[in-house]
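Here is the structure we will look at.
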6 protein chains.
Amino acid sequence: MTDEDDLLAKGREVQARLWPQVTSGDTGTFPAAKLAPDFYRYVATTAFGLIWSRPGLAIRDRSLATVAQLSALGRSDELRAHLRGALNVGLTQDELVEVLMQTAVYAGVPAANEALKVAAEVFGTGDQ
Amino acid sequence: MTDEDDLLAKGREVQARLWPQVTSGDTGTFPAAKLAPDFYRYVATTAFGLIWSRPGLAIRDRSLATVAQLSALGRSDELRAHLRGALNVGLTQDELVEVLMQTAVYAGVPAANEALKVAAEVFGTGDQ
Amino acid sequence: MTDEDDLLAKGREVQARLWPQVTSGDTGTFPAAKLAPDFYRYVATTAFGLIWSRPGLAIRDRSLATVAQLSALGRSDELRAHLRGALNVGLTQDELVEVLMQTAVYAGVPAANEALKVAAEVFGTGDQ
Amino acid sequence: MTDEDDLLAKGREVQARLWPQVTSGDTGTFPAAKLAPDFYRYVATTAFGLIWSRPGLAIRDRSLATVAQLSALGRSDELRAHLRGALNVGLTQDELVEVLMQTAVYAGVPAANEALKVAAEVFGTGDQ
Amino acid sequence: MTDEDDLLAKGREVQARLWPQVTSGDTGTFPAAKLAPDFYRYVATTAFGLIWSRPGLAIRDRSLATVAQLSALGRSDELRAHLRGALNVGLTQDELVEVLMQTAVYAGVPAANEALKVAAEVFGTGDQ
Amino acid sequence: MTDEDDLLAKGREVQARLWPQVTSGDTGTFPAAKLAPDFYRYVATTAFGLIWSRPGLAIRDRSLATVAQLSALGRSDELRAHLRGALNVGLTQDELVEVLMQTAVYAGVPAANEALKVAAEVFGTGDQ
């Protein structure tokens, strides 16, 4: 039996590994933190406390799967955050570029193009 | 037998309930109104004149369903307009936030995140 | 402070309102219940225990929003279950048909067509 | 000024060019025709009477664009019907296969694969 | 037997017909050209060298199909480039507007709305 | 300089690691192999010969990313094949179940549900 606050604490631990520079009071990273504070508690508790913290898959592999999904789905805001996180849990820029290129095969060239644009911004190698 | 102009008039009536502040001459709300004026006449006639004006579902419930779909599909421009409309046909900010949070369950956390960001802008409660 | 088992119990209560004929031991409704039993516990705890059980939106409205989203996203298996649930929490067949027809406006005619086919099966009014 | 019945008649004319073998009384082609007869009238009136019948684009080109969109969106039931229609308005099997192969570039290999499977069934050249 | 450089040359030829004003050294058009130069070589070689250059479908029809797909999928950056290309391979503004309006039928009104907004920018007929 | 046949051979090598039981003459695995033989050659040459065979990412990681994307996009036929392939390049059933559960976070519960149903069939642990 785990109470909800324990789950939240476990979730925040995972978030701190992905984004060590963000503190739990730093709501600037959540654009709707004032409107829907319960939502960010919900995400920390469930996505991170109940799923990401499960022992069956390494955090580096969870990060790889997440980057792959966000690029395929075209969720660029979320992808930006998770590319930053990926570098903090052991993935290299080169590996991430390979994942994003491969996105062209499964979700089409425009999805890969958009994801690589985001990566160029995050990695500081963009042309714009 | 209803002629096309009657349908257009019926559609404009529904649009006026959702967006009373927009007049039919206010093409600024349709970014391609000059390029494709027939398209905006088509939408008023069909989406609003033939579907939204049907008596089988309350306009408040149609608005709720629309907000739910636009957030799930990630159509943020259209969601912005329909969140404004929703407040004019009887939905509250709190109810709309609940719908957008629930989007995380059926369309994923990034879809809910994006929709809540739009809502924070519309409701004037954003951090940015 | 709520422990995880309380959340699960709250979630199961909501599920019982939507699908009274399904008992918690009836894994036949979850095609991967043997492979991933934790997943169904996760869904009951989070989607139903933490989201659907929130007081800010009537269960009938949550059901309406869910049907709207599943039809827009083309998730027919899940739509089938939620159309059954919708009838148990106060929505009528006529209201549900209106929601599915409106799907044509926001997600296109093929999405509405597919959703209405599922509804015809659930309501026993299909031609096939 | 065009009345709704004229639009319906114009729409049915376009449908008859695409699917000459289907009569307007042949509801078997609409799986939810009994549940939602208004929906099929709506589609004939709007999609076909107001859009497809516009003079600005050849019917063969409209058919090409439709096949391209349905394959990209993964709407296989609708694609099946429109591949049959495409052959009736001047597109060849070879041209259609080219469109479906090109889908791999813009929507990914799985979308093209699925669309080509549907085409093999329609053209009678499938292996299964 | 064609070697990879021949494919690249064939692809660049097709690209030059679509976008004559862009030279192969003009990496500004590829926002991630520095981060992933191999990706742009891959796209030129495969999408353009192996698919677009196939003889079975006219380049004007390939362009039409591409515009149709990009608008349905909501890929606005790529749509912008391909609307420009479409004008260079024989499609008219009026034909393109018809394709984008028809998108409302198969992918929903918001997809058409967004695509028409992009077209108004490209054609210089926008209100904003 | 690599000629196209070398790329095809490299692609077939990767395919043989993922699906050792399928021979290159076994067209039964490609439902449209007779209708569009060039397409399957194209996929082998490009997706596998040019992307999967790149050295920058382990084949096990490419497989993980692919499973993640196919489940998020709801491409169940392709997912079925790649779950089989994943077991052949070093991923375990338990790791794959974790990836599919995590899909609920980024693409929604219905996407995860559908993917887990496919996995239960592939792994022989389904209830149906």
Side-chain angles (χ1 to χ4, degrees), chain A residues 18 31-32 60 63-128, chain E residues 7-8 11 14-15 18-19 22-53 62-63 65-86 103 107 110-111 114-115 118:
Chain A
L18 284 161
R60 177 255 186 212
S63 181
L64 179 70
T66 301
V67 165
Q69 293 190 328
L70 294 172
S71 61
L73 295 169
R75 301 287 184 192
S76 294
D77 282 350
E78 214 92 2
L79 177 61
R80 188 170 288 110
H82 274 283
L83 284 171
R84 289 201 185 94
L87 298 173
N88 291 325
V89 294
L91 287 155
T92 66
Q93 280 197 18
D94 286 354
E95 286 175 320
L96 291 166
V97 168
E98 290 297 326
V99 172
L100 301 185
M101 284 180 62
Q102 189 166 327
T103 298
V105 174
Y106 298 103
V109 166
N113 234 342
E114 167 76 12
L116 285 164
K117 185 171 90 172
V118 173
E121 291 163 16
V122 170
F123 299 160
T125 51
D127 306 307
Q128 0 180 256
Chain E
L7 291 177
L8 181 59
V14 177
Q15 289 178 313
L18 284 161
W19 304 289
V22 180
T23 70
S24 67
D26 183 359
T27 58
T29 54
F30 298 119
K34 277 187 197 154
L35 178 64
D38 288 3
F39 182 65
Y40 300 103
R41 191 181 152 96
Y42 171 76
V43 172
T45 305
T46 62
F48 293 99
L50 282 169
I51 297 283
W52 277 72
S53 63
R62 290 194 181 277
S63 181
T66 301
V67 165
Q69 292 189 330
L70 294 172
S71 61
L73 295 168
R75 301 289 184 190
S76 294
D77 282 350
E78 213 93 1
L79 177 62
R80 189 170 288 111
H82 274 283
L83 284 171
R84 288 201 186 94
T103 298
E114 168 75 12
V118 173

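Computed from a prediction, not measured in an experiment: that's the story for all the values here. Numbers restart at 1 for each chain; the letters A, B, ... are given by sequence-line order, proteins then strands.
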Response to the item:
If one checks every heavy atom of E:L70 against chain A at 4.5 Å, the contacting part turns out to be side chain
Worksheet item: Which is it for A:K117 and E:D77 under the side chain to side chain contact (heavy atoms under 4.5 Å, CB included) test, yes or no, and what are the steps along the way?
Response: CA-CA 11 Å; A:K117 185 171 90 172; E:D77 282 350; 2.8 Å; yes
Worksheet item: Quick one: what part of A:V97 sits under 4.5 Å from any heavy atom of chain E, side chain, backbone, both or neither?
Response: side chain
What's the shortest heavy-atom distance between [X] and [Y], and which atoms?
{"X": "E:R75", "Y": "A:A107", "answer": "NH2-O, 4.5 Å"}
{"X": "A:V105", "Y": "E:Y42", "answer": "CG2-OH, 4.1 Å"}
{"X": "E:L35", "Y": "A:A120", "answer": "CD2-N, 3.6 Å"}

Worksheet item: Once you round to the nearest 0.5 Å, how far does CD of A:Q102 lie from CZ of E:F39?
Response: 11.5 Å
